[in-house]
Amino acid sequence: MSIETPVRQESPSALPTKPMLEVRDLVVRYGRGRKAAAAPAAVDGVSFTIRPGETVGLVGESGSGKSTIGKAILGLQNVSGGSITYRGEDITHAGAGRRRALGGELRAVFQDPNSSLNPRTTVGASLMDPLRLRGVSAAEARARAEDMLERVGLPREAVDRYPSQFSGGQRQRISVARALICDPQLVVCDEAVSALDLSTQAQVLNLLADLRDERGLSYLFIAHDIAVVQFLAQRVVVLYRGQVMESGPAAAVTENPKHPFTRALVAASPVPRPAEQAQRREARESLGVRTAAATTASPGGCPFRQRCPLATDLCRDERPALRLVGESDVACHYS
Ligand SMILES: Nc1ncnc2c1ncn2[C@@H]1O[C@H](COP(=O)(O)OP(=O)(O)OP(=O)(O)O)[C@@H](O)[C@H]1O
Ligand code: SF4
Ligand SMILES: [Mg+2]
């Protein structure tokens with residue numbers, strides 16, 4: 001999609017330098033025991049940091065490991081290797097008690113509000129639950145729930161209604177309110193606007209940007225569409241088959257992509273104007289990138305080599321390390 005409103009990134013240099021979250025060489029394999037050891041890693045040595053107040057965008061095709069990274073950060077997925085450090089504390093293998101305590105600080109907004117909002121409880125109860133769990137009185141929790149609903153653009157009376165009585169966009173606002181009611185530090189937004197129509201997407205993105213700026217929030221913003229990510233993120237990480245292909249300042253990655261996969265991703269991002277769309281199609285075809293369906297996974301070398309028009313024997317034999325090219329880190333032998 002394309003958002004017609006101005007890009008809402010802030011200058012990265014205006015942000016504190018100490019990371020709030022540090023993901024280092026993260027590896028996740030699904031399954032247990034021998035099965036897991038034999039399975040290809042869903043996330044394969046991913047590193048990035050998020051600073052206080054910063055939004056990092058995580059983009060990639062379906063199955064590239066975006067949600068798996070989000071779940072590992074939230075403690076919803078076991079980690080096979082590497083580390084996750086939150087405000088200086090190693091939380092990679094934090095136990096249930098510590099994770100519960102962190103539950104107010106690390107929150108999530110998912111694509112499908114129905115999975116996070118119980119259809120049988122009122123909106124007020126859904127919002128008040130996390131506060132009540134943290135010892136807030138019923139009266140105080142209700143007042144905070146009403147304030148939060150008002151802040152996300154819904155009437156205070158919404159507390160007494162059920163999720164099914166709202167539209168998809170309104171339900172997503174309720175999910176945002178639920179994620180933010182405990183004053184979190186970091187919110188993982190996993191395809192949080194992907195199910196919404198274009199104008200509702202833009203409204204919810206603006207709301208997320210306003211709340212971030214008001215509260216100094218950090219976001220890990222996950223989406224498959226790089227144009228959506230570009231709207232919010234100061235930095236972008238591009239994933240392919242569980243590995244980072246390119247990462248750097250949002251403007252550099254989206255306007256001057258260095259990796260052949262990032263170029264293909266940018267060219268594939270739809271734009272609303274037909275003439276520009278036709279130009280994009282031509283540009284996409286001229287890149288010569290093969291479709292995902294034409295390839296199978298195989299270990300070693302560059303994970304993108306079977307689709308890459310520039311691939312050589314070196315790409316088959318050696319996995320390219322990330323190296324600085326211009327302002328971005330790029331994993332390509334020939335970038
Ligand atoms: N519970 C699971 N058990 C086994 N494999 C899984 C599980 N969840 C995800 N995977 C696999 O891990 C890989 C990464 O999945 P993930 O859901 O993280 O991708 P994604 O980038 O979020 O994709 P999408 O854009 O479709 O949401 C995929 O190959 C997927 O099949
Ligand atoms: S390393 Fe080789 S196969 Fe991989 S993206 Fe670069 S040129 Fe293409
Ligand atoms: Mg996903």
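For ligands, and for the atoms within them, numbers begin at 1 and follow the listed sequence. Residues: numbered from 1 along the sequence shown.
When only non-hydrogen protein atoms are considered, atom 8 (Fe) of ligand 2 lies nearest to C308 SG, 2.3 Å. Nearest non-hydrogen protein atom to atom 17 (O) of ligand 1 is S67 CB, 3.8 Å. Of the protein's non-hydrogen atoms, Y30 CE1, 3.3 Å is the one closest to atom 10 (N) of ligand 1. The shortest contact between atom 4 (Fe) of ligand 2 and any protein heavy atom is with C302 SG, 2.3 Å.
Here the shortest heavy-atom distance to atom 23 (O) of ligand 1, taken over G60, S194, P40, G63, belongs to G63.
Taking every non-hydrogen atom of H333 and a distance limit under 4.0 Å, the qualifying atoms of ligand 2 come out as 1 (S), 6 (Fe). Each of the following atoms of ligand 2 lies closer than 4.0 Å to a heavy atom of C315: 1 (S), 2 (Fe), 3 (S), 7 (S). In the vicinity of E61, heavy-atom distances shorter than 4.0 Å reach the ligand 1 atoms 21 (O). Of all atoms in ligand 2, numbered sequentially from 1 with element shown, those under 4.0 Å from a heavy atom of Y334 are 7 (S). Counting atoms of ligand 2 from 1 in the listed order, those under 4.0 Å from a heavy atom of H259 are 5 (S). Ligand-side atoms of ligand 2 in range of C332: 1 (S), 5 (S), 6 (Fe), 7 (S), range being under 4.0 angstrom from any heavy atom. Of all atoms in ligand 2, numbered sequentially from 1 with element shown, those under 4.0 Å from a heavy atom of P260 are 5 (S).
Distance remark: protein heavy atom present below 4.0 angstrom from atom 7 (C) of ligand 1.
Stacking of R161 on the aromatic ring of F166 is recorded, both the 6.0 Å distance cut-off and the 45° axial limit being met.
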